[in-house]
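Taking it in order: structure first as structure tokens, then the write-up.
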2 protein chains.
Amino acid sequence: MAGTSKPNKSLTIEQVAAAAGVSTMTVSRVLRGTDNVAADTRKKVKACMEELGYVHNKIAGALAASQGTQIAVIVPSLDSIVFTELLAGIAAGLNDTVYQQVIGISDYDLERELDIVRAMMGWRPAGFILAGTQHMPKTKRLLEANASPVVEVMELTRNPIDICVGLDQRKAGKVMAEHLLNKSYKRFAYLGTDHTIDRSASLRCKGFQSALHKHDIDFEHQLTVSDLSGISLGREHMPHLLEACKGVEVVYCSNDAVAAGAMMHCLYAGIDIPKKVALASFSGMEIASAMPIPITTVRSPRFEMGKLSAERVLARLQGKKVTRVTDAGFELIEGLSA
Amino acid sequence: MAGTSKPNKSLTIEQVAAAAGVSTMTVSRVLRGTDNVAADTRKKVKACMEELGYVHNKIAGALAASQGTQIAVIVPSLDSIVFTELLAGIAAGLNDTVYQQVIGISDYDLERELDIVRAMMGWRPAGFILAGTQHMPKTKRLLEANASPVVEVMELTRNPIDICVGLDQRKAGKVMAEHLLNKSYKRFAYLGTDHTIDRSASLRCKGFQSALHKHDIDFEHQLTVSDLSGISLGREHMPHLLEACKGVEVVYCSNDAVAAGAMMHCLYAGIDIPKKVALASFSGMEIASAMPIPITTVRSPRFEMGKLSAERVLARLQGKKVTRVTDAGFELIEGLSA
DNA sequence: TTGAAAGCGCTAACAT
DNA sequence: ATGTTAGCGCTTTCAA
């Protein structure tokens, strides 16, 4: 239910105009920094605004101009630094423009994502940036019907709703597998989040697996868990995994947090890394390199992807032609854990 | 500069009204779920909206009602789980209401915070939630001049702008110090972020110190660093600290991430925890309990504080009387690191 | 360089 | 239970 608070009666342009002895239009022009306003007039008006404590009403502005300045951004979670760095990138890309991001959290739930898209659309944002390429058909339809630019970021797809900036998750898995195969490892296991929750991780896992298959190898065990986040997941389930497939040489983890947790267990239990078990993962988060034994991982360019996404949106808003699909790449980081 | 995109001409209430054969007012009522609309009419209108793909224009709505549905939330950073959990709590508190949070990031910069407050005020949010109690005088003035409720969260203060939900950071430091003194530790050092950046941490440090003073003890060394975040900070600077004050028994860290990093170094360097050096900190984050040697820390109720903040805002919006200052408390968690 | 008039799309307040 | 009227505070468009 909406509240009972008194409507926020605040100053209007008109009162500023009166104080400055000009028309509302002049004040409006000063406000937006557009057109030609005489330097004196501008200064006088600014002084009055400051004096009265006037705050530009963007609601009225957006309505009159039928043009918002918000960029709707939807991420699955803020619990992972992966997404907060993405947001930082977007913020950087939007810096010094009139646009600002408005963040929505879908909790890895596509229905919720749809709700958020719908709710945000009510504010007529100038553009959308969504993490991931998987959405409800209805979400896609809504977004396609909308004139504003839409960027899907993090994963790569051939058929974006509009624009896509991402990395080939499958390939990231494959490259890591090949790296490990080159080191003559033969016995592999997988530890991570439930595939239905984290689709990117699932793609990496599949890519990893496909590389193994080429050598007639497969995971000896895949342990996926649904209810825990990163570190705890690794810490609590690593022993189960090791129990389930004794003699396994490498545990490929769905991300660095899981790998860090797995390493915590090994340190605790006195299991030698990488001699007894090797660890590899994905993300390139701070924790991977800060661990006593730095983790071999793949760094994804989160910040850069965020920045690129913002730039694509801006370009489109300026009527420029925009590359539909951009592969942002990744980088294998060799630690000492494998 | 704003872009050149075509204004987002979308469907209006009027077209839905025409299609459903009712007045715009009826559509508006259906949209907001208010008043009495005949069940049939409501169904018919809803069908038309669905059919045409109409999306409620909240900009026009907010203008007409001079009442927004956004709650402006400003946190210093999203890099720490402390703030993302706070946001999750706020989201939980706002769940099933018409209100939604809009997030701003100040980067621990009070000037930037002021800019964000000003920008957000342009959207006439129904309420504000700010992390921390330190703000520019101008920020306070802006907020006070505004009719909407303002919650300051995380820290405690006697003189909130409006409402305060927090914990006594000083006391958290004091309690930890007393806990360690009880264990007969005598030689202490501090490792953390620069005091000017993280004020809460600084308050804890002072509280800790005041407890030491009562026993005629003081930190033998305080190492504060400005340019690194949590884990790396601990990992990289722990050796410097140990070098600077050999024989120190306890290192009190500004938060769990720092302590985790410090522990990483010790594990790496073969320094026995807690025999050779004990570690204590603050936050109660996942990583603290997942470390090979669980860290002795103080858990702050982030989620709960977020939820409480949202509830206070809602209560005020409903015209209810609201407790001005709420101490959310904290909990000492004994690990094995001290 | 500045101003006057006409709405942007919706909702409050009042009819009916 | 539904409709009518008059704005919300700004910007667009056109005129001076």
Side-chain angles (χ1 to χ4, degrees), chain A residues 2-45 49 52 54-69 98 121-124 126 147, chain B residues 1-45 48-49 52 54-69 98 121-124 126 147:
Chain A
T4 326
S5 84
K6 49 199 157 209
N8 236 327
K9 282 290 163 212
S10 35
L11 290 171
T12 69
I13 259 193
E14 210 150 354
Q15 315 186 38
V16 178
V22 295
S23 78
T24 60
M25 243 349 272
T26 304
V27 178
S28 172
R29 287 196 256 258
V30 171
L31 231 26
R32 285 169 298 140
T34 60
D35 288 326
N36 329 299
V37 179
D40 310 4
T41 319
R42 163 162 286 142
K43 197 176 292 178
K44 191 171 52 182
V45 170
M49 299 198 310
L52 299 173
Y54 171 78
V55 180
H56 188 185
N57 187 333
K58 293 191 190 170
I59 299 178
L63 180 60
S66 4
Q67 238 283 27
T69 58
V98 295
M121 227 166 227
W123 292 100
R124 302 293 186 269
Chain B
M1 274 303 307
T4 327
S5 85
K6 48 199 156 209
N8 237 327
K9 281 289 161 212
S10 35
L11 289 171
T12 69
I13 261 195
E14 211 152 350
Q15 315 185 39
V16 177
V22 295
S23 78
T24 59
M25 232 5 253
T26 304
V27 178
S28 172
R29 287 197 257 256
V30 171
L31 231 28
R32 284 169 300 140
T34 62
D35 288 326
N36 327 300
V37 179
D40 309 4
T41 319
R42 164 162 284 145
K43 198 177 293 179
K44 191 171 55 182
V45 170
C48 286
M49 298 197 311
L52 299 174
Y54 171 78
V55 180
H56 188 187
N57 187 333
K58 293 189 188 169
I59 298 178
L63 180 60
S66 2
Q67 235 285 22
T69 59
V98 296
M121 228 165 225
W123 292 99
R124 301 296 187 265

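Chain letters run A, B, ... following the sequence lines, proteins first and then strands; every chain starts at 1. Model, not experiment: these values are computed from the prediction.
- In this structure, B/Arg32 reaches the C/dA12 phosphate: one of its side-chain N or O atoms is under 4.0 Å from OP1 or OP2.
- Whole-Å rounding puts the B/Met25 CE to C/dC10 C1' distance at 9 Å.
- Taking both residues in full, the closest heavy atoms of A/Arg29 and A/Arg42 are given as O-NH2, 4.3 Å, listed atom of the first, atom of the second, then distance.
- Which of D/dT12, C/dG9, C/dA12 sits closest to the side chain of A/Ala65 comes down to D/dT12.
- Atom CD1 of A/Ile13 is separated from atom C1' of C/dA4 by 15 Å (rounded to the nearest Å).
- The CD atom of A/Glu14 sits 12 Å away from the C1' atom of C/dA4 (whole-angstrom rounding).
- Heavy atoms only, all atoms of each residue included: A/Tyr54 and A/Thr12 are closest at CE1-C, 3.7 Å.
- Comparing D/dT12, D/dC10, C/dT11 by their nearest atom to the side chain of B/His56 picks out C/dT11.
- Distances shown here put every side-chain N or O of A/Thr12 at or beyond 4.0 Å from the OP1 or OP2 atom of D/dG9.
- Distances from the side chain of B/Asn57 to the nucleotides D/dG9, C/dT11, C/dC10 place C/dC10 closest.
- Side-chain atoms of B/Arg29 and base atoms of D/dG3 include a donor and an acceptor less than 3.5 Å apart.
- One can place CD of A/Gln15 at 12 Å from P of D/dC8, the figure rounded to the nearest angstrom.
- Regarding A/Met121, its CE atom lies at a distance of 17 Å from the C1' atom of C/dG9, rounded to whole Å.
- When the P atom of D/dT11 is taken as reference, atom CD1 of B/Ile59 falls 13 Å away, rounded to whole Å.
- The interatomic distance linking A/Met49 (CE) with D/dC10 (C1') rounds to 14 Å, in whole Å.
- Between B/Thr26 and B/Thr41, the closest side-chain pair of non-hydrogen atoms falls below 4.5 Å.
- Taking every side-chain heavy atom of A/Ala60 into account, D/dC10 is the closest of C/dC10, C/dA12, D/dC10.
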Next item on the list: Quick one: do A/Ile13 and A/Ser28 satisfy side chain to side chain contact (heavy atoms under 4.5 Å, CB included)? Show the steps, please.
Entry: CA-CA 7 Å; A/Ile13 259 193; A/Ser28 172; 3.9 Å; yes
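- Distances shorter than 4.0 Å separate none of the side-chain N or O atoms of B/Ser23 from OP1 or OP2 on D/dT2.
- When distances run from any side-chain atom of A/Val22 to the nucleotides D/dC10, C/dA12, C/dG3, the shortest one goes to C/dG3.
- In the set C/dT2, C/dA4, C/dG9, the nucleotide with an atom closest to the side chain of A/Thr26 is C/dT2.
- Proximity note for A/Val37 (side chain, C-beta onward) versus C/dA12, C/dT2, D/dT11: the nearest is C/dT2.
- Rounded to whole angstrom, the span from the NZ atom of B/Lys58 across to the C1' atom of C/dC8 amounts to 19 Å.
- A residue-by-residue look at B/Thr41 and B/Leu63 shows that B/Thr41 has its nearest nucleotide of DNA chain D further toward the 5' end.
- B/Ser10 and A/Arg124 make their closest contact through OG-NE, 3.0 Å (heavy atoms, listed as atom of the first residue, atom of the second, distance).
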